[in-house]
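Throughout, numbering of the chain's residues begins at 1 and tracks the sequence. All ligand and atom numbering here is 1-based and tracks the order in the structure.
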Amino acid sequence: MTAGQARADDDGLVELLRAWLPARRWYPAKGAEATLSVVERRALADGVEDVLVRVRAGSIDALLQVPLVLVPVGADVPDDALGVLGDRVVLDGAAHPAFVQAWLAAADGPGTGADPATARAVSGEQSNTSVVLGSERPVAILKVLRALQPGENPDVEVPRRLVEVGWTHVPEPLAWVEADWPAPDGTTAHGYLGVLSAFVPQAQDGFVLACGYAEREESFAALAAELGEVVATMHTALVRGFGTDATTRAEDGPAAVAASLAGRFAWATSAVPSLARFAPAVDGVLAQVRALPTAPPRQRVHGDLHLGQVLRSTDRWFVTDFEGEPSAPLEQRTRPDLAVRDVAGMLRSFDYAAAVGGLTGEAATRWTGEARAALLDGYAAGSDEEQVPVLLRALELDKTLYEVVYESRNRPSWVPIPLAGLDRLLGAV
Ligand SMILES: Nc1ncnc2c1ncn2[C@@H]1O[C@H](COP(=O)(O)OP(=O)(O)O)[C@@H](O)[C@H]1O
Ligand SMILES: O=P(O)(O)O[C@H]1O[C@H](CO)[C@@H](O[C@H]2O[C@H](CO)[C@@H](O)[C@H](O)[C@H]2O)[C@H](O)[C@H]1O
């Protein structure tokens, strides 16, 4: 994609964005006084622009992708329009057929015959915006990346490699768009703007599925066992595709795992100061980790695995969204890591599903206990790696601390879910 010219009406556009962006789920500076600047406006087609907006607020410095479609002012301004700029109405473009058509024309990859006119946004927007293509039968799903980062995109690179090594539980990437943009230091950055993947038919979101089971107080064990086995084969396929970290060094051992958990706790406590009350118990976990003789070799992992990242299609699990934790820098998200991090992430999801499904007390403990045991058994059946309980607990703790911060920024009413997780994990130290 080539860059368009800077435009005279950027100030007006910034005003529209200032009003519209904060309500987007993927906006990173909710509730903060932020500085917004238009870094680039790419004209993709007549009336179709891909706008890159820099958002700065305290330690947050993000580059957001905001596709827009500008149509002549007519009698009606649709309710969901951003507003009016000169003689044009500005519309959110991510799922607009005109944007999708321009995107497909600019994309690389094997492609698909999908008709842009059938584009519709997936409800329940998360870190990015997903758009389904195909009329009666969806054929592909376009993920418009929101927070842009320079470099390889694991959500393109990892699924492509997994398909290459013959792993069949990942939707195949069909098209992707790369671009250059001006970096804050005056250099040119290069990265991905989006990826189109094969649509998994009749897929149910794993989290929605599990919440339903919890609501009915029906055991999720059989599905969890299958999922555990799929996660194990994913790890083996990731080793086939990327190898293990050939340079595994002493500094990647137990002391490094402990240092990274200590760093997570410090980060979480600076964002949510009340977490400081867990310091003595966290120290206990750190001591257990440091006392381990070794840590397993590092390899590519999913990095943010949870039930919302897996799809159940009739009788099969698929794994999606290999981006890692959305707020971490790319360099950190693509670094070889411990496979047990993904297992721990999935275990955390059972607490969420039980809570959202309305289970409390003993019923919640029973339901999550069964699902947890089944996931671990399934994983053990598909993997040669012995699970180390101390590491599993440490990485569950790491994820739970991340979740407290994530929820306090995005869904404050859900903070009690990871807080209860901390009580459970740290109560017995
Ligand atoms: N290949 C696919 N086929 C069908 N649905 C998908 C596919 N990939 C993702 N989804 C659905 O799209 C939504 C967003 O996808 P996800 O990759 O989790 O995006 P985000 O990065 O925003 O979290 C999820 O509800 C997921 O169930
Ligand atoms: O899916 P994303 O890559 O955007 O991941 C982020 O958002 C997730 C929530 O949508 C968040 O996951 C947490 O909530 C899930 C239920 O909604 C639950 O299944 C997960 O276990 C829990 O961590 C994820 O942490 C965040 O990175």
Does either side chain, that of S127 or that of R146, offer a donor lying less than 3.5 Å from an acceptor on the other one? no

Kindly say whether L330 contributes a backbone atom to a donor-acceptor pair with the side chain of Q149 at under 3.5 angstrom? yes

Which atoms of ligand 2 sit under 4.0 Å from any heavy atom of S349? 18 (C), 19 (O), 20 (C), 21 (O)

In the protein, which heavy atom is nearest to atom 25 (O) of ligand 2, and how far is it? Y402 CE2, 3.3 Å

Quick check: S197 and ligand 1, any N/O pair under 3.5 Å apart? no

Does T244 use its side chain to pair, donor to acceptor, with the backbone of R298 at less than 3.5 Å? no

A198 N/O to ligand 1 N/O under 3.5 Å: yes

Shortest protein heavy-atom distance from atom 2 (P) of ligand 2, along with the residue and atom involved: S127 OG, 3.6 Å

Donor + acceptor pair across side chains of R316, T168 (<3.5 Å): yes

Under 4.0 Å from ligand 1, counting heavy atoms only, is it the side chain of V200, its backbone, both or neither? both

Looking only at protein heavy atoms, which one is nearest to atom 10 (O) of ligand 2, and how far off is it? R25 NH2, 3.5 Å

Does only the side chain of N410 get under 4.0 Å from ligand 2, or the backbone, or both, or neither? Count heavy atoms. neither

Nearest protein heavy-atom contact for atom 23 (O) of ligand 2: which residue, which atom, what distance? E403 OE2, 2.6 Å

For ligand 1, indicate whether the residue T320 contacts it via side chain, backbone, both or neither (heavy-atom separation under 4.0 Å). side chain

Under 3.5 Å between any N/O of T129 and any N/O of ligand 1: does that happen in this structure? no

Would W414 count as a polar contact of ligand 2, with the cut-off being nitrogen or oxygen pairs under 3.5 Å? no

Could you tell me whether L311 approaches ligand 1 through its side chain, its backbone, both or neither, with non-hydrogen atoms closer than 4.0 Å? side chain

Between R411 and ligand 2, is there a nitrogen or oxygen pair with a distance under 3.5 Å? yes

Return yes when R146 approaches ligand 1 closer than 4.0 angstrom through a heavy atom, no otherwise. no

What residue and atom, counting heavy atoms only, is the protein's closest point to atom 5 (O) of ligand 2, and at what distance? D304 OD2, 3.1 Å

What part of P138, side chain, backbone, both or neither, has a heavy atom within less than 4.0 angstrom of ligand 1? neither

When distances are taken from atom 24 (C) of ligand 2, the protein heavy atom at minimum range is H306 NE2, 3.8 Å

